[in-house]
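To start, the structure under review is shown below, and the notes come after it.
On a predicted model such as this, the values are computed, not experimentally measured, just so you know. Hydrogens, waters and symmetry mates play no part in the numbers below; they use all other heavy atoms, side chains included. Protein chains get the first letters and strands the later ones, always in sequence-line order, with residue 1 at the start of each.
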Protein chains: 2
Amino acid sequence: MKRTKKERQRLLTETIAENPFVTDEQLASQFNVSVQTIRLDRMELAIPELRERIKDVAAKNYENEVKSLPIDEVIGEIIDIELDNRAISIFDVGQEHVFQRNGIARGHHLFAQANSLAVAVIDDELALTVKANVSFIRPVKAGDRVITKAIVRGQDDEKNRTYIDVVSTVNNDKVFKGEFEMYRTKGSVQ
Amino acid sequence: MKRTKKERQRLLTETIAENPFVTDEQLASQFNVSVQTIRLDRMELAIPELRERIKDVAAKNYENEVKSLPIDEVIGEIIDIELDNRAISIFDVGQEHVFQRNGIARGHHLFAQANSLAVAVIDDELALTVKANVSFIRPVKAGDRVITKAIVRGQDDEKNRTYIDVVSTVNNDKVFKGEFEMYRTKGSVQ
DNA sequence: CTGGTATTAGTACCAAGTGCTAAATAATTC
DNA sequence: GAATTATTTAGCACTTGGTACTAATACCAG
């Protein structure tokens, strides 16, 4: 009565996509066919059984939970530093740093690496970011190794400011740049 | 050999919390006891069986599935959102977010909250930060509750750009502001 | 030695399936 | 209309990861 097999399978796919928690038995009564028919349909459509579907949903969720890790301390590993002059850090982008939808790194991680480096390069007890002007030039993907260089451009001792340029590259392609205005407690006199 | 029942149960609880996908059998061999002992332990501790645990995780995920993007990817908790218009999130600053030297929040956390909110407010599959112009107006300390508002200011459908103003406050004092230029795949037409 | 706690073993049963065979019921084609 | 093919249904054995329950064994303390 429900019409063709094709139509039923279309609806089946839809129904399961909408609510993965439905059993074959429920589906059978919904479509007025036997449980076996539903099973055959699932076979043909390569739809896994209830438990597998649930497990998939759960696993996806679980990954997300693990992923929401806090950004802590310094982002990226500082490999070279000359205080009040320049610094370089590397940061390996992992799965946990990207949008799972498209695999592109979330901007704030790149910002965090740049900001951390700007703080680190200043030879002072206290260094705070006052302003930042940043551009995300190209998307960065999981697996990319981001190399970030910070260069101290100038200093305003009266206002206790230090100006820093930061550039990040992946395989020599510029992916991010920023200008940071930093506050520091004292001048850079050693 | 494994020590007391209490100790085992403590570890059991921990293990399952860490990885809800573990079966009684795996647990039994891990703790060098019989499967029955594990079952008894779960009874006493009122820990549901594997499938129920998985279902719980899946159900949690499923309910939380809001329209635009998974909430987990956002720094700070979104408490109000009107897609393509405005959004508000709160972020409680903890010890893990500050320089231990002076208790001041690291800039990139504030940036992350603002950036996340700017991404979230855009009603699109793909939203990426292109540029950001940010000011850190006043230091934020551990314990502060940062309330961040994002307002969509404009749109350039030809260049696929959306412009967003973001302001963060603590106790009504402005602590951060930023202008974000975002890229999106399509215009905001429904 | 007697108790009480802890552990292990074993059986029957369940949900929600898979895998397989066989039969019954359409639908299509010659 | 008969033959052929597609679709649907039935039935049975088996699988996982359990629950529920009973019974036996081990161990440690008083």
Below 4.0 angstrom from OP1 or OP2 of [N], is there any side-chain N or O of [X]?
X       : N     : result
A/Thr37 : D/dT9 : yes
A/Ser34 : D/dT9 : yes
A/Arg39 : D/dT9 : no

- Is B/Arg39 salt-bridged to B/Glu44, going by a charged N under 4.0 Å from an acidic O?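 Between B/Glu44 and B/Arg39 there is no salt bridge, as every charged N stays at least 4.0 Å from the carboxylate O atoms.
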- Task: Decide, yes or no, whether a salt bridge links B/Glu49 with B/Arg53 under the criterion of side-chain N to carboxylate O below 4.0 Å.
- Result: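 B/Arg53 and B/Glu49: not salt-bridged.
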- Message: Applying a 4.0 Å non-hydrogen cut-off, can you work out what A/Gln36 is touching in the nucleic acid: base, sugar-phosphate, or nothing?
- Response: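 Counting heavy atoms under 4.0 Å across all strands, the contact made by A/Gln36 includes a base.
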- Message: What contact category does B/Val35 fall into here, base, sugar-phosphate, or nothing, at under 4.0 angstrom with non-hydrogen atoms?
- Response: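 Nothing, no heavy atom under 4.0 Å.
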[X] has an atom [atom1]; how far is it from atom [atom2] of [N], in whole Å?
X       : N      : atom1 : atom2 : value
A/Asp41 : D/dT8  : CG    : C1'   : 10 Å
A/Glu25 : D/dT9  : CD    : P     : 14 Å
A/Met43 : C/dT21 : CE    : P     : 14 Å
B/Ile38 : C/dT8  : CD1   : C1'   : 12 Å
B/Glu52 : C/dA16 : CD    : C1'   : 13 Å
B/Leu40 : C/dT7  : CG    : P     : 8 Å
A/Leu45 : C/dT18 : CG    : P     : 13 Å
B/Arg42 : D/dG17 : CZ    : P     : 12 Å

- Message: Which nucleotide wins on minimum distance to the side chain of A/Arg8, given the candidates D/dT8, C/dG17, C/dT7?
- Response: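 Of all the options, the side chain of A/Arg8 is nearest to D/dT8.
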- Item | Flag for A/Ser89-A/Gln113: side-chain donor and acceptor within less than 3.5 Å |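 On atom types as modelled, these side chains qualify, holding a pair under 3.5 Å.
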- Task: Using only heavy-atom distances, decide whether a donor-acceptor pair under 3.5 angstrom links the side-chain of B/Arg51 to the base of D/dT16.
- Result: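 A donor-acceptor contact between them is present.
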- Row check, A/Phe99 ring normal vs A/Arg106 NZ/CZ: under 6.0 Å, within 45°: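 Yes, cation above the ring, under 6.0 Å and within 45°.
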Side-chain donor-acceptor contacts of residues 134-141 of chain B below 3.5 Å, not counting sequence neighbours, with atom names and distances?
| unit_1 | atom_1 | unit_2 | atom_2 | d |
| --- | --- | --- | --- | --- |
| B/Arg138 | NH1 | B/Asp173 | OD2 | 2.8 |

